[in-house]
Visitor: 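Handing you this structure, nothing more for now.
Everything quoted here is computed from the prediction, not taken from an experiment. The chains referred to below are lettered A, B, ... by the order of the sequence lines, with proteins before strands, and numbering in each begins at 1.
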Protein chains: 2
Amino acid sequence: LIKISNLTKTYNSTAVPVHAVNNVSLSFEKSEFAAIVGPSGSGKTTLLNLIGGLDTPTSGKIIIDQTDIATLSESAMIDYRLHHIGFVFQAYNLIPVLTARENVEFIMLLQGISKQERRERAEELLTSVGLEGRFDSRPSQLSGGQQQRVAVARALASRPNFVLADEPTANLDSHSAEALLDLMEALNQKYEMTFIFSTHDSRVMKRAHRIITLVDGRVDKDETKK
Amino acid sequence: LIKISNLTKTYNSTAVPVHAVNNVSLSFEKSEFAAIVGPSGSGKTTLLNLIGGLDTPTSGKIIIDQTDIATLSESAMIDYRLHHIGFVFQAYNLIPVLTARENVEFIMLLQGISKQERRERAEELLTSVGLEGRFDSRPSQLSGGQQQRVAVARALASRPNFVLADEPTANLDSHSAEALLDLMEALNQKYEMTFIFSTHDSRVMKRAHRIITLVDGRVDKDETKK
Ligand SMILES: Nc1ncnc2c1ncn2[C@@H]1O[C@H](COP(=O)(O)OP(=O)(O)OP(=O)(O)O)[C@@H](O)[C@H]1O
Ligand SMILES: Nc1ncnc2c1ncn2[C@@H]1O[C@H](COP(=O)(O)OP(=O)(O)OP(=O)(O)O)[C@@H](O)[C@H]1O
Ligand SMILES: [Mg+2]
Ligand SMILES: [Mg+2]
């Protein structure tokens, strides 16, 4: 489904160039439930951004569903992301002027989903991440972990083929984190959604079916549980 | 050192009022190393903000060093915070146009510390949180966990009497988290700095000397290890 070949992203803003992602080659099949782990600064966010087409590589290829995403025009990439990729950002990136409900409905609105269906799906997802009663709160009225859960609900609402989640449980207590993992596993089973998350959280690592370890931008280990 | 009596913070923006902090009474002595834990939304950030004078209570008292901080004028509170409190925010709140080094030096500049001393202390702290070589990077050029470590270095640079740290290890791998805890414990011992952090991280809870558990804005448990 996703084939990454010799992917490199280099930044030249510092005295010594930073190879945030350094010659990475990886493949992901449909329905994977994979965790990318590694020290702070090892390249997890950069790798997820490259896979999601939010950033462009310095060199190397990313082929998704037999499309080399580097060849897509900007509008084709935006369109592809809208219909196929759900992204949970490390800093959530919620729209401050919209309520939790509106943030979750927004992507479905862009996808042309009916008002009725948007409303039902948004309420169902916000409830399953434990935010019942807070649908009409704005991000500034929510705790860090509550904002994180809105960001997750938003990524799942469009029922994407794949979800790229950057440290989706960083601000959650164990109970909320486990509930989130239950939800993601259920969607993985039911809709065959592929999940690729970066994490520092051992509770998430325990439930991943595959763990890819990055060190200094390189793949250090790639272990599949069976 | 800190005496909190019947502290309550209520928000009325939702259909049902939210008692973010609900009749909390707590005392902290000098040199404490205490963790505030509890589910997402249980009131940890709100409590830290109230103690740090960043928010005003709905009712109740906070007495720090025999000063009822609610009686301080806004400028007296700002001045008090500048010289006595170091704050690590859940969302870091770094200044985007300043480099890591400048963000850390900024508070010392406001405190009138000499240029030479500011430079040395900033470099020493950034090095001890593992950011050597990145002093001149701006927040947007740093990973989530790197930004988190700049925020911690900034809070410690002014050698405050107390440090209020809101989930200071949320985006850190185990190695970086342990290094941060070593640093905080060393400062706690050497300068008798009082540390009060909120956390979901079991690695941090293990090293706290006291664990206060919040549930729905109330103190559910308060355990001191010996
Ligand atoms: N402006 C506001 N209006 C309404 N409710 C608010 C507001 N600010 C915070 N709250 C609510 O107060 C409660 C406590 O929030 P707080 O941020 O203190 O929780 P927390 O324990 O820090 O959570 P987390 O672990 O997710 O960071 C939450 O239910 C939150 O939604
Ligand atoms: N614009 C930039 N200029 C220079 N270096 C950058 C830039 N953006 C990212 N980096 C560097 O690339 C490296 C990888 O960053 P990335 O955000 O991918 O790490 P990460 O594994 O997600 O870390 P964390 O666990 O802390 O979130 C880091 O050393 C970071 O400082
Ligand atoms: Mg990251
Ligand atoms: Mg919080």
Visitor: Checking heavy atoms, do the side chain of A:Glu167, its backbone, both or neither come under 4.5 Å from chain B?
Guide: side chain
Visitor: Which bit of A:Arg149 is near chain B, if near means a heavy-atom gap under 4.5 Å: side chain, backbone, both or neither?
Guide: side chain
Visitor: Hey, which of B:Thr14, B:Asn171, B:Val37 has the most heavy atom pairs under 4.5 Å with chain A?
Guide: B:Asn171
Visitor: For A:Val18, is it the side chain, the backbone, both, or neither that has a heavy atom closer than 4.5 Å to a heavy atom of chain B?
Guide: side chain
Visitor: By a 4.5 Å heavy-atom criterion (distance strictly below it), what part of A:Asp136 contacts chain B: side chain, backbone, both, or neither?
Guide: neither
Visitor: Determine yes or no for a side-chain-to-main-chain donor-acceptor pair under 3.5 angstrom, with B:Asp173 supplying the side chain and A:Ser40 the backbone.
Guide: yes
Visitor: Of all of B:Gln141, B:Lys44, B:Arg138, B:His175, which one pairs up most often with chain A through heavy atoms under 4.5 Å apart?
Guide: B:Gln141
Visitor: Give a yes or no on this: more than 12 heavy atoms of other residues, nucleotides or ligands lie within 6.0 Å of atom CZ of A:Phe106.
Guide: no
Visitor: Determine whether more than 12 heavy atoms belonging to other residues, nucleotides or ligands lie under 6.0 Å from atom CG of B:Asp55.
Guide: yes
Visitor: If you draw a 6.0 Å radius around CD in A:Gln116, do more than 12 non-hydrogen atoms from other residues or ligands fall strictly inside?
Guide: no
Visitor: Does NZ belonging to B:Lys115 count more than 12 external heavy atoms closer than 6.0 Å?
Guide: no
Visitor: In terms of heavy-atom pairs under 4.5 Å with chain A, which of B:Thr45, B:Leu172, B:Thr199 leads?
Guide: B:Leu172
Visitor: Heavy atoms only, distances under 4.5 angstrom: which of A:Ser143, A:Ala170, A:Ser176 has the most pairs with chain B? Name it, please.
Guide: A:Ala170
Visitor: If you measure from CZ on B:Arg203 to NE2 on A:His200, what distance do you get to the nearest 0.5 Å?
Guide: 8.0 Å
